[in-house]
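Contents: one structure, followed by commentary.
None of the values given here were measured: they were computed from a predicted structure. Numbering starts at 1 and runs along the sequence shown.
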Amino acid sequence: YRIQLHKKKQDPIQKTEEVVEFLKGFEYSPSAIDLYFKCGHAYYYQYVLNLKPSEGLSEDIETNIIGSIVHQVLKNFFEPFKGKRIKIRAGFEISLDKEIKKIAEQNFGKPLRGKYYLLYYQIKKHLIDYIRFEQYRSDKTDIIIEDLEIEKRCQWHGFILRGKIDRIDKIGNTYLIMDYKTGSSGRSKIRFDKLSLTDRTTWEKVIPSFQLPIYMILFLESENLDLSSVNASYIDLSQQNFKVDINETINYIFEETGQACYDNFNIIKEIILEVLKEIASPEKPFIATNDTNKCKYCNFQYICGIRIK
């Protein structure tokens, strides 16, 4: 007998009173909101039922470890500049290499051999290239490290937001929120020119992540600053060559200035609030995504019974 244990369509998951109460007090991180936006069922399994994602393929584990190594190395490297102007001396490569090797060995084992040596080598190459870019950038302008891997939390329109920001730079009277990316995730910028507050179909198409806007909300709320003095950026550490042109390497979330910047930020804030209200609403069940491409790397596809060809 051939038994088929897959389903083509997932039934909505209704919210009980207990679930609604849980969601009211939940602390919403960017990754939690992004997961809900991607698939309501995945959010329900991970954050409501508290099911732990399986470790999956060894490649997935290695990707997470690489991200952890890179973040730890960069935190350690920039820690001496916290509250001070960045001034990277010539010959930094030697000490940086020692730090990368030490942390890689802590994660991969000692001595580094085979593919783990190759991973270490790739991490070293990319980080040396990136620090050289930072050396060039800090020579051109005064940059002070305001904070590193800082936890932020705030009450916002009746919801609790939280997040961990990789780095905050202060350049003159302005602040730059920075988030390191170690994997090539494709499109990262919000395409505000294609975004419509009233047309939800545009949201998924042009918002790859709510991470940077939420970080900006957290920072602005905690520091009582105006939007004109803050921007945010992803730093893609997977790129092969860092551009001398700073604006080509630092992918600012807001390229516009003045009223256009305020308008775009207000739109994305309204969308975030709508998504939060939807998550917590008793009338809105958790809906599974209709896009099975999103299920391909989901930790919960076997619970759903989705068959990926």
- At what distance, to the nearest 0.5 angstrom, does NZ of Lys181 lie from CD of Gln211? 3.5 Å
- Task: Over all heavy atoms of both residues, which pair between Ser209 and Pro213 is shortest? Give the atoms and the distance, please.
- Result: O-CD, 4.3 Å
- Message: Side chains of Leu176 and Val230, heavy atoms from C-beta outward: is any pair under 4.5 Å?
- Response: no
- Would you check, one step at a time, whether the test side chain to side chain contact (heavy atoms under 4.5 Å, CB included) holds for Ile217 with Ile272? CA-CA 10 Å; Ile217 292 169; Ile272 291 170; 4.1 Å; yes
- Message: For Asp129 and Lys125: C-alpha separation, side-chain torsions, deciding distance, then whether salt bridge (Lys or Arg N to Asp or Glu O under 4.0 Å) applies.
- Response: CA-CA 6 Å; Asp129 284 348; Lys125 180 180 181 301; 3.6 Å; yes
- Heavy-atom check, side chain of Val275 versus side chain of Ile33, under 4.5 Å: yes
- So, Lys15 side chain and Ile279 main chain: donor-acceptor pair closer than 3.5 Å or not? yes
- Quick one: sort the Tyr28 and Tyr43 rings into parallel, tilted or perpendicular, breaks at 30° and 60°. parallel
- Query: Taking it one step at a time, do Gln46 and Leu35 satisfy side chain to side chain contact (heavy atoms under 4.5 Å, CB included)?
  - Reply: CA-CA 9 Å; Gln46 183 161 331; Leu35 185 59; 3.6 Å; yes
- Could you give the distance from CG (Asn231) to CG (Leu212), rounded to the nearest 0.5 Å? 9.0 Å
- Task: For residues Ile144 and Phe81, determine if any side-chain heavy atom of one lies less than 4.5 Å from a side-chain heavy atom of the other.
- Result: no
- Message: Please say yes or no: joined through hydrophobic side-chain contacts below 4.5 Å, possibly via intermediate residues, are Leu118 and Ile100 part of one cluster?
- Response: no
- Do NZ/NE/NH1/NH2 and the carboxylate oxygens of Asp97 and Lys101 come within less than 4.0 Å? no
- Query: Has the side chain of Tyr215 got a donor or acceptor atom that lies under 3.5 Å from a matching backbone atom of Lys164?
  - Reply: yes
- Message: Once rounded to the nearest 0.5 Å, what's the spacing between atom CD of Glu278 and atom CG of Leu23?
- Response: 12.0 Å
- Can you check whether Ser196's main-chain N or O pairs, donor with acceptor, with Thr202's side chain at less than 3.5 Å? yes
- Result for side-chain contact (heavy atoms from CB on, under 4.5 Å) between Arg167 and one of Ile145, Ile177, Ile235 points to Ile145
- Are Val20 and Phe22 in one and the same hydrophobic cluster, where Ile, Leu, Val, Met, Phe, Trp and Tyr link if side-chain heavy atoms are under 4.5 Å apart? no
- Item | Exam field: side chain Gln135 to backbone Ile88, donor-acceptor pair closer than 3.5 Å | yes
- Message: Regarding Asp142 and Lys87, does a basic nitrogen lie under 4.0 Å from an acidic carboxylate oxygen?
- Response: no
- Item | 4.5 Å side-chain heavy-atom contact, Ile268 and Phe210 | yes
- Query: Does Leu49 belong to the same Ile/Leu/Val/Met/Phe/Trp/Tyr cluster as Ile13, with side-chain heavy atoms less than 4.5 Å apart forming each link?
  - Reply: yes
- Query: Is the closest basic N to carboxylate O distance between Glu93 and Lys98 below 4.0 Å?
  - Reply: no
- Once you round to the nearest 0.5 Å, how far does CD of Glu99 lie from NZ of Lys124? 14.0 Å
Please tabulate, for the side chains in residues 66-74, all donor-acceptor contacts under 3.5 angstrom to protein atoms that are two or more places apart in sequence or on a different chain.
residue: His71; atom: ND1; partner: Gly67; partner atom: O; Å: 2.7
residue: His71; atom: NE2; partner: Asp166; partner atom: OD2; Å: 3.1
residue: Gln72; atom: NE2; partner: Asn76; partner atom: OD1; Å: 2.9

- Message: Quick check against the 3.5 Å criterion: does His41 have a side-chain atom that pairs as donor or acceptor with the backbone of Phe286?
- Response: yes
- First locate atom CG of Leu51, then atom OH of Tyr44, and finally report the distance between them rounded to the nearest 0.5 Å. 8.5 Å
- ring-ring contact (aromatic ring centres under 6.0 Å, His included) partner of Phe26, chosen from Tyr47, Phe159, Tyr36: Tyr47
- Task: Check step by step if ring-ring contact (aromatic ring centres under 6.0 Å, His included) holds for Phe192 and Phe254.
- Result: CA-CA 9 Å; Phe192 287 103; Phe254 295 116; 5.5 Å; yes
- Closest contact, heavy atoms only, Thr182 versus Ser238: O-CB, 3.6 Å
- Message: Quick check against the 3.5 Å criterion: does Ser138 have a side-chain atom that pairs as donor or acceptor with the backbone of Glu134?
- Response: yes
- Task: For Thr174 and Ile171, indicate whether the former's side chain and the latter's backbone hold a donor-acceptor pair under 3.5 Å.
- Result: yes
- Rounded to the nearest 0.5 Å, how far does CG of Leu112 lie from NZ of Lys110? 9.5 Å
- Query: Between Tyr180 and Asp236, is a side chain to side chain contact (heavy atoms under 4.5 Å, CB included) present by the stated rule, with each step listed?
  - Reply: CA-CA 6 Å; Tyr180 303 125; Asp236 179 10; over 6 Å; no
- Message: Side chains of Ile287 and Pro285, heavy atoms from C-beta outward: is any pair under 4.5 Å?
- Response: yes
- Answer whether the closest heavy-atom distance between the side chains of Ile160 and Arg153 falls below 4.5 Å. yes
- Message: I'd like to know whether CD of Gln155 has more than 12 heavy-atom contacts from other residues, nucleotides or ligands below 6.0 angstrom.
- Response: yes
- Query: Less than 4.5 Å apart, any side-chain heavy atom of Lys84 and any of Ile143?
  - Reply: no
- Non-hydrogen atoms of Cys39 and Ala288 that approach each other most closely: SG-CA, 3.8 Å
- Is there side-chain contact between Lys115 and Phe108, with heavy atoms separated by less than 4.5 Å? no
- Is the shortest side-chain N to carboxylate O distance from Lys82 to Asp147 below 4.0 Å? yes
- Task: With sequence neighbours excluded, tell me which residues meet side chain to side chain donor-acceptor pair (under 3.5 Å) with Lys152.
- Result: Ser222, Glu223
- Item | Exercise: do Asp291 and Thr289 side chains pair donor with acceptor under 3.5 Å | no
- Message: Determine whether a donor-acceptor pair (N or O, by modelled atom type, separation under 3.5 Å) exists between the side chain of Asn224 and the backbone of Leu220.
- Response: no
- Strictly by modelled atom types, are Tyr120 and Glu105 linked by a side-chain donor-acceptor pair under 3.5 Å? no
- Task: Please test Asp179 against Ile165 for side chain to side chain contact (heavy atoms under 4.5 Å, CB included), starting from the C-alpha separation and ending with a verdict.
- Result: CA-CA 7 Å; Asp179 186 75; Ile165 301 171; over 6 Å; no
- Message: Ignoring hydrogens, what is the shortest heavy-atom contact between Leu148 and Lys75? Give both atom names and the distance.
- Response: CD1-O, 3.9 Å
- Task: Check the surroundings of atom CG in Asn173: do more than 12 heavy atoms from other residues, nucleotides or ligands lie under 6.0 Å from it?
- Result: no
- Under 30°, 30 to 60°, or over 60°: which ring-plane class applies to Tyr117 and Tyr121, parallel, tilted or perpendicular? parallel
